[in-house]
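The next block holds one structure in the form of C-alpha cells; read it before the comments.
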Amino acid sequence: MNAVLVWIGGMIGAIARYSVQTYLKRILPESTIPLSILIINLAGSFGLGMCISAGNELNLSWQLFSMTGFLGAFTTFSTFSSESLFLLGKQQYMKAFLYITGSIIGCIFVFFIGNIVAMSLL
C-alpha cells in the first residue's frame, strides 16, 4: 500500500511539474537562467519545508503521498534542501558542505560526462 501512495503522488507530482513548467515558460520573459525550474524548485522546497514542520501532525500515508511521491517528483531539489538542512541542523558542517558541493558540482560533472559518453556512442 505504501508503494502505491508514493506512485500516485509521484505521478501527480510529475504531471504538475510538467504543467507548471510549460505554463511558466509561456508567461515568463526569456532569461539567462531557467526561471521556470528555479520557481518549481523553490515552490517544492517550500512545500517540503511545510510538510516536515508538520511531520508529527501528518500520518504516514499522507507523508508518503505528499512528501515522497508528489514533492519528490515535482522537484528533487526539495529533498536535497531538506537533507542539507538536516545536516546543518545537527551541526555536521563538513558533511553538509561535502553533500552540498558534491551534489551540485558532482551532478553537473556527471551529467557532463554522461553527455560526452552518449555523444561518443551515437
Side-chain angles (χ1 to χ4, degrees):
M1 181 62 183
N2 291 345
V4 172
L5 291 170
V6 172
W7 173 67
I8 292 171
M11 180 181 62
I12 294 170
I15 292 169
R17 180 186 179 117
Y18 171 76
S19 300
V20 170
Q21 184 178 8
T22 301
Y23 175 74
L24 289 175
K25 278 184 172 181
R26 258 189 304 174
I27 66 166
L28 292 174
E30 286 198 30
S31 173
T32 55
I33 62 171
L35 279 176
S36 60
I37 296 297
L38 177 62
I39 291 170
I40 288 169
N41 284 333
L42 291 172
S45 295
F46 177 78
L48 187 61
M50 289 181 58
C51 288
I52 286 176
S53 293
N56 292 336
E57 305 297 324
L58 302 175
N59 66 37
L60 179 61
S61 296
W62 182 251
Q63 290 178 22
L64 291 171
F65 172 81
S66 63
M67 295 165 64
T68 305
F70 180 81
L71 291 171
F74 187 67
T75 170
T76 56
F77 206 81
S78 60
T79 304
F80 165 75
S81 301
S82 169
E83 291 170 342
S84 298
L85 283 180
F86 177 78
L87 291 172
L88 291 171
K90 294 227 171 223
Q91 298 180 343
Q92 296 177 340
Y93 301 115
M94 182 54 76
K95 287 182 181 177
F97 174 77
L98 291 173
Y99 180 65
I100 292 168
T101 55
S103 295
I104 295 173
I105 295 172
C107 288
I108 292 171
F109 177 73
V110 172
F111 177 87
F112 177 71
I113 296 299
N115 205 346
I116 290 173
V117 170
M119 289 175 65
S120 69
L121 295 174
L122 298 176

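Every heavy atom of this structure was used, including side-chain atoms; hydrogens, water molecules and symmetry mates were not.
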Tell me, with the steps shown, if Ser82 and Ile52 meet side-chain contact (heavy atoms from CB on, under 4.5 Å). CA-CA 8 Å; Ser82 169; Ile52 286 176; 3.0 Å; yes
Give the cluster check for Ile12 versus Tyr18: same hydrophobic cluster or not, with ILVMFWY residues linked at side-chain heavy-atom distances below 4.5 Å. no
Under a single-linkage definition using a 4.5 Å side-chain heavy-atom cutoff for Ile, Leu, Val, Met, Phe, Trp and Tyr, are Val117 and Phe109 assigned to the same hydrophobic cluster? yes
Show the nearest heavy-atom pair for residues Ala73 and Ala14, with the distance to one decimal. CB-N, 3.6 Å
Which heavy-atom pair separates Ser81 from Ser45 by the least distance, and what is that distance? OG-OG, 3.3 Å
I want to check something: taking the side chain as every heavy atom from C-beta on, are Leu48 and Met67 in contact at a cut-off of under 4.5 Å? yes
Which ILVMFWY residues are connected to Phe97, directly or by a chain of links, through side-chain heavy atoms under 4.5 Å apart? Met94, Leu98
From Phe77 CZ over to Asn41 CG, what is the distance, rounded to the nearest 0.5 angstrom? 6.0 Å
Separation between NZ of Lys95 and CD1 of Ile100, rounded to the nearest 0.5 Å: 14.0 Å
Measuring only between side-chain heavy atoms, which start at C-beta, is Thr75 closer than 4.5 Å to Ile37? no
Answer yes if Ile27 and Leu38 sit in the same cluster of Ile, Leu, Val, Met, Phe, Trp and Tyr residues linked by side chain heavy atoms under 4.5 Å apart, and no otherwise. yes
Is there side-chain contact between Leu87 and Tyr99, with at least one heavy-atom pair below 4.5 Å? yes
Rounded to the nearest 0.5 Å, what separation is found between the CD1 atom of Ile8 and the CE atom of Met11? 6.5 Å
Linking I/L/V/M/F/W/Y whenever their side-chain heavy atoms sit closer than 4.5 Å, directly or via other members, would Phe80 and Leu42 fall into one cluster? no
Spatial distance of atom CG (Leu28) from atom OH (Tyr23) [nearest 0.5 Å]: 9.0 Å
Relative to the ring of Phe74, is the ring of Phe70 parallel (under 30°), tilted (30 to 60°) or perpendicular (over 60°)? parallel
Atom CD of Gln21 and atom CD1 of Ile40: how far apart are they, to the nearest 0.5 Å? 5.0 Å
Linking directly or through intermediates, with side-chain heavy atoms under 4.5 Å: list the remaining ILVMFWY members grouped with Leu88, chain and number order. Leu85, Tyr93
Got a second to check how far Leu71's CG is from Phe46's CZ, nearest 0.5 Å? 11.5 Å
